Amino acid sequence: MPETEREDVISVVERSAPRALPVRMDAVLVQAVIAAALSFAHLHDLAVAAGQDGWKAWAYPISVDLLLVAAWRRLRSGESKAAGWCWFLVALTASLGANVATAGLLDLHHVPASLRIVVAGWPAVAFLGGTLLAHGPADPAPDPREQNDELTNEVAQQGSLPAPAAASRPAAPASHPALAVPPPDRLPTALVDHARKVAAEHRTRTGAPIDTDTLRARLGVPGPLAEAIAAQLT
(Lines give C-alpha, C1' and ligand atoms only; values in the text may rest on other atoms or scores of the structure.)
Protein backbone atom coordinates (compact mmCIF):
# COMPACT_ATOMS: atom_id res chain seq x y z
CA MET A 1 0.00 0.00 0.00
CA PRO A 2 1.38 3.42 -0.87
CA GLU A 3 2.35 5.72 1.96
CA THR A 4 -0.36 8.29 1.17
CA GLU A 5 -3.17 5.70 1.18
CA ARG A 6 -1.90 4.30 4.50
CA GLU A 7 -2.06 7.76 6.07
CA ASP A 8 -5.60 8.26 4.75
CA VAL A 9 -6.72 4.95 6.29
CA ILE A 10 -5.18 5.85 9.67
CA SER A 11 -6.88 9.24 9.58
CA VAL A 12 -10.29 7.68 8.86
CA VAL A 13 -9.86 5.17 11.71
CA GLU A 14 -8.90 7.91 14.18
CA ARG A 15 -11.93 10.00 13.25
CA SER A 16 -14.29 7.05 13.60
CA ALA A 17 -12.90 5.97 16.99
CA PRO A 18 -15.08 6.96 20.00
CA ARG A 19 -13.79 9.92 21.94
CA ALA A 20 -13.55 10.05 25.71
CA LEU A 21 -16.11 12.14 27.49
CA PRO A 22 -14.68 15.53 28.54
CA VAL A 23 -16.52 15.36 31.88
CA ARG A 24 -16.20 12.35 34.16
CA MET A 25 -19.56 11.04 35.28
CA ASP A 26 -19.96 11.11 39.05
CA ALA A 27 -21.90 8.14 40.45
CA VAL A 28 -23.08 10.16 43.46
CA LEU A 29 -24.38 12.93 41.19
CA VAL A 30 -26.26 10.42 39.01
CA GLN A 31 -27.80 8.84 42.11
CA ALA A 32 -28.86 12.27 43.40
CA VAL A 33 -30.52 13.12 40.08
CA ILE A 34 -32.42 9.81 40.04
CA ALA A 35 -33.57 10.23 43.65
CA ALA A 36 -34.69 13.81 42.99
CA ALA A 37 -36.64 12.74 39.90
CA LEU A 38 -38.42 9.95 41.79
CA SER A 39 -39.28 12.23 44.70
CA PHE A 40 -40.51 14.87 42.25
CA ALA A 41 -42.80 12.33 40.59
CA HIS A 42 -44.16 11.07 43.92
CA LEU A 43 -45.01 14.59 45.07
CA HIS A 44 -46.71 15.28 41.75
CA ASP A 45 -48.79 12.10 41.98
CA LEU A 46 -49.81 12.86 45.55
CA ALA A 47 -50.86 16.40 44.62
CA VAL A 48 -52.96 15.07 41.75
CA ALA A 49 -54.61 12.52 44.06
CA ALA A 50 -55.40 15.33 46.53
CA GLY A 51 -57.26 17.30 43.86
CA GLN A 52 -54.47 19.63 42.73
CA ASP A 53 -54.37 18.97 39.02
CA GLY A 54 -52.79 20.79 36.09
CA TRP A 55 -49.87 23.15 36.70
CA LYS A 56 -50.57 23.15 40.43
CA ALA A 57 -49.53 19.51 40.70
CA TRP A 58 -46.13 20.38 39.20
CA ALA A 59 -45.70 23.42 41.46
CA TYR A 60 -45.93 21.35 44.66
CA PRO A 61 -42.69 19.34 44.19
CA ILE A 62 -40.90 22.51 43.08
CA SER A 63 -41.88 24.28 46.30
CA VAL A 64 -40.67 21.35 48.40
CA ASP A 65 -37.31 21.21 46.60
CA LEU A 66 -36.82 24.98 46.85
CA LEU A 67 -37.49 24.87 50.59
CA LEU A 68 -34.93 22.08 50.95
CA VAL A 69 -32.35 24.13 49.04
CA ALA A 70 -33.05 27.26 51.11
CA ALA A 71 -32.69 25.33 54.37
CA TRP A 72 -29.46 23.72 53.13
CA ARG A 73 -28.01 27.14 52.24
CA ARG A 74 -28.87 28.45 55.70
CA LEU A 75 -27.11 25.46 57.29
CA ARG A 76 -24.04 26.02 55.10
CA SER A 77 -23.91 29.72 56.02
CA GLY A 78 -23.55 28.88 59.72
CA GLU A 79 -26.23 31.41 60.80
CA SER A 80 -29.44 30.46 62.64
CA LYS A 81 -28.82 26.74 62.36
CA ALA A 82 -31.89 26.02 64.46
CA ALA A 83 -34.16 27.62 61.85
CA GLY A 84 -32.28 25.88 59.06
CA TRP A 85 -32.69 22.45 60.65
CA CYS A 86 -36.37 23.13 61.46
CA TRP A 87 -37.36 23.96 57.88
CA PHE A 88 -35.08 21.27 56.47
CA LEU A 89 -36.95 18.65 58.52
CA VAL A 90 -40.31 20.11 57.44
CA ALA A 91 -39.41 19.85 53.75
CA LEU A 92 -37.84 16.42 54.24
CA THR A 93 -41.00 15.19 55.97
CA ALA A 94 -43.11 16.42 53.06
CA SER A 95 -40.88 14.69 50.51
CA LEU A 96 -40.54 11.46 52.51
CA GLY A 97 -44.26 11.39 53.26
CA ALA A 98 -45.10 11.60 49.57
CA ASN A 99 -42.67 8.77 48.78
CA VAL A 100 -44.22 6.52 51.42
CA ALA A 101 -47.81 7.47 50.59
CA THR A 102 -47.42 6.61 46.91
CA ALA A 103 -45.71 3.28 47.63
CA GLY A 104 -49.04 1.44 47.91
CA LEU A 105 -49.84 2.31 51.53
CA LEU A 106 -52.42 4.89 50.43
CA ASP A 107 -55.32 4.49 48.05
CA LEU A 108 -54.74 7.39 45.68
CA HIS A 109 -58.32 7.08 44.40
CA HIS A 110 -59.77 7.64 47.89
CA VAL A 111 -57.52 10.18 49.62
CA PRO A 112 -58.62 11.05 53.19
CA ALA A 113 -59.81 14.56 53.89
CA SER A 114 -56.96 15.21 56.34
CA LEU A 115 -54.39 14.68 53.59
CA ARG A 116 -56.29 17.00 51.27
CA ILE A 117 -56.12 19.69 53.97
CA VAL A 118 -52.37 19.17 54.43
CA VAL A 119 -51.73 19.38 50.69
CA ALA A 120 -53.92 22.47 50.32
CA GLY A 121 -52.15 24.24 53.20
CA TRP A 122 -48.62 23.40 52.07
CA PRO A 123 -48.14 26.52 49.85
CA ALA A 124 -48.60 28.82 52.85
CA VAL A 125 -46.12 26.78 54.91
CA ALA A 126 -43.56 26.77 52.08
CA PHE A 127 -43.97 30.51 51.55
CA LEU A 128 -43.44 31.22 55.25
CA GLY A 129 -40.38 28.99 55.48
CA GLY A 130 -38.79 30.34 52.31
CA THR A 131 -39.34 33.94 53.39
CA LEU A 132 -37.85 33.38 56.84
CA LEU A 133 -34.84 31.57 55.40
CA ALA A 134 -34.20 34.08 52.62
CA HIS A 135 -34.53 37.16 54.84
CA GLY A 136 -32.57 36.60 58.01
CA PRO A 137 -32.44 38.88 61.06
CA ALA A 138 -31.07 42.38 60.59
CA ASP A 139 -27.49 43.13 61.51
CA PRO A 140 -27.08 44.21 65.15
CA ALA A 141 -26.60 47.89 65.89
CA PRO A 142 -22.96 48.92 66.19
CA ASP A 143 -21.53 49.30 69.67
CA PRO A 144 -20.88 52.99 70.55
CA ARG A 145 -17.65 51.96 72.27
CA GLU A 146 -16.41 50.39 69.05
CA GLN A 147 -17.25 53.60 67.18
CA ASN A 148 -15.24 55.61 69.72
CA ASP A 149 -12.29 53.22 69.31
CA GLU A 150 -12.42 53.62 65.54
CA LEU A 151 -12.47 57.42 65.82
CA THR A 152 -9.55 57.35 68.26
CA ASN A 153 -7.59 55.06 65.97
CA GLU A 154 -8.27 57.44 63.08
CA VAL A 155 -6.78 60.31 65.07
CA ALA A 156 -3.80 58.15 66.07
CA GLN A 157 -3.13 57.20 62.43
CA GLN A 158 -2.98 60.89 61.52
CA GLY A 159 -0.18 61.38 64.03
CA SER A 160 -2.21 63.25 66.64
CA LEU A 161 -1.88 60.54 69.30
CA PRO A 162 1.26 58.52 70.07
CA ALA A 163 -0.47 55.11 70.36
CA PRO A 164 -3.82 53.45 69.52
CA ALA A 165 -4.54 52.88 73.22
CA ALA A 166 -4.12 56.55 74.15
CA ALA A 167 -7.87 56.88 74.75
CA SER A 168 -7.75 54.39 77.62
CA ARG A 169 -4.64 55.85 79.29
CA PRO A 170 -4.96 58.26 82.25
CA ALA A 171 -3.95 61.88 81.86
CA ALA A 172 -0.20 62.43 81.92
CA PRO A 173 1.29 64.03 85.05
CA ALA A 174 2.28 67.69 84.94
CA SER A 175 5.98 66.75 84.92
CA HIS A 176 5.55 64.83 81.65
CA PRO A 177 5.09 66.52 78.27
CA ALA A 178 1.44 66.89 77.20
CA LEU A 179 -0.05 64.92 74.33
CA ALA A 180 0.21 66.50 70.89
CA VAL A 181 -3.30 67.66 70.02
CA PRO A 182 -4.12 69.11 66.59
CA PRO A 183 -5.72 72.56 66.38
CA PRO A 184 -9.55 72.63 66.34
CA ASP A 185 -9.69 73.33 62.61
CA ARG A 186 -7.65 70.19 61.85
CA LEU A 187 -9.65 67.70 63.86
CA PRO A 188 -11.11 64.74 61.91
CA THR A 189 -14.56 65.57 60.58
CA ALA A 190 -16.00 62.22 61.71
CA LEU A 191 -14.85 62.83 65.28
CA VAL A 192 -16.32 66.35 65.39
CA ASP A 193 -19.65 65.18 63.91
CA HIS A 194 -19.88 62.40 66.47
CA ALA A 195 -19.13 64.88 69.26
CA ARG A 196 -21.89 67.19 67.99
CA LYS A 197 -24.39 64.33 68.19
CA VAL A 198 -23.29 63.53 71.74
CA ALA A 199 -23.55 67.19 72.75
CA ALA A 200 -27.01 67.55 71.18
CA GLU A 201 -28.23 64.43 72.96
CA HIS A 202 -26.87 65.75 76.27
CA ARG A 203 -28.59 69.13 75.79
CA THR A 204 -31.88 67.46 74.91
CA ARG A 205 -31.73 65.24 77.99
CA THR A 206 -30.46 67.74 80.58
CA GLY A 207 -31.25 71.14 79.05
CA ALA A 208 -27.68 72.33 79.59
CA PRO A 209 -24.62 72.32 77.33
CA ILE A 210 -22.22 69.46 77.77
CA ASP A 211 -19.06 70.13 79.78
CA THR A 212 -15.55 69.00 78.87
CA ASP A 213 -15.35 66.20 81.43
CA THR A 214 -18.65 64.68 80.31
CA LEU A 215 -17.61 64.98 76.67
CA ARG A 216 -14.29 63.28 77.40
CA ALA A 217 -16.06 60.43 79.21
CA ARG A 218 -18.64 59.97 76.47
CA LEU A 219 -16.10 59.99 73.64
CA GLY A 220 -13.40 58.08 75.49
CA VAL A 221 -10.64 60.48 74.44
CA PRO A 222 -7.87 62.18 76.49
CA GLY A 223 -8.49 65.48 78.23
CA PRO A 224 -6.51 67.72 75.83
CA LEU A 225 -8.28 66.24 72.83
CA ALA A 226 -11.67 66.68 74.55
CA GLU A 227 -10.85 70.38 75.15
CA ALA A 228 -9.96 70.82 71.47
CA ILE A 229 -13.24 69.18 70.45
CA ALA A 230 -15.21 71.33 72.93
CA ALA A 231 -13.60 74.45 71.44
CA GLN A 232 -14.75 73.32 68.01
CA LEU A 233 -18.32 72.83 69.23
CA THR A 234 -18.68 76.38 70.60
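This structure is a prediction, so every number in the text was calculated from the model and none was measured.
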Report the C-alpha separation of Q52 and Y60 in whole Å, then their side-chain angles, then the decisive distance to 0.1 Å, and conclude whether the side chain to side chain contact (heavy atoms under 4.5 Å, CB included) test is met. CA-CA 9 Å; Q52 306 295 330; Y60 273 87; 3.7 Å; yes
With [X] via side chain to side chain contact (heavy atoms under 4.5 Å, CB included) - residues at least two apart:
X	value
V125	W87, V90, W122
T206	H202, A208
L115	L46, L106, V111, P112, V119
T93	none

Applying side chain to side chain donor-acceptor pair (under 3.5 Å), name anything that partners [X], two or more places apart in sequence or on another chain.
X	answer
D211	T214
H110	D107
H42	N99
D45	none

Intermediate values then yes/no, salt bridge (charged side-chain N to carboxylate O under 4.0 Å, His left out), R218 and E201: CA-CA 11 Å; R218 292 290 302 276; E201 179 187 357; 3.3 Å; yes
Please round to the nearest 0.5 Å and tell me the distance separating atom [atom1] of [X] and atom [atom2] of [Y].
X	Y	atom1	atom2	answer
L96	S39	CG	OG	8.5 Å
I210	R216	CD1	CZ	11.5 Å
L132	R74	CG	CZ	8.5 Å
L133	C86	CG	SG	9.0 Å

How close do [X] and [Y] get, heavy atom to heavy atom, and via which atoms?
X	Y	result
P209	R203	CB-NH2, 3.3 Å
A94	L43	O-CD2, 3.7 Å
A57	P61	O-CD, 3.0 Å

Any donor and acceptor pair, going by atom type alone, linking the side chain of S95 with main-chain N or O of A91 inside 3.5 Å?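 It does not hold such a pair.
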For A50, does its backbone N or O pair with a side-chain atom of R116 as donor and acceptor, under 3.5 Å?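 Present.
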Please determine whether the number of non-hydrogen atoms from other residues, nucleotides or ligands lying under 6.0 Å from atom [atom1] of [X] exceeds 12.
X	atom1	result
R205	CZ	yes
R73	CZ	no
K81	NZ	no

Other hydrophobic cluster members with F40, side-chain heavy atoms of Ile/Leu/Val/Met/Phe/Trp/Tyr under 4.5 Å, chained?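 W58, I62, L66, all in the cluster of F40.
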May I ask whether F127 and L67 are part of the same hydrophobic cluster, defined by side-chain heavy atoms of I, L, V, M, F, W, Y residues being less than 4.5 angstrom apart, directly or through others? no
Run the side chain to side chain contact (heavy atoms under 4.5 Å, CB included) test on H194 and L219 for me, step by step, so that the C-alpha distance in whole Å, both residues' side-chain angles and the decisive distance to 0.1 Å come before the verdict. CA-CA 8 Å; H194 182 62; L219 296 180; 3.4 Å; yes
By ring pair (Phe, Tyr, Trp, His ring centres under 6.0 Å), which residues pair with W85, not counting sequence neighbours? F88
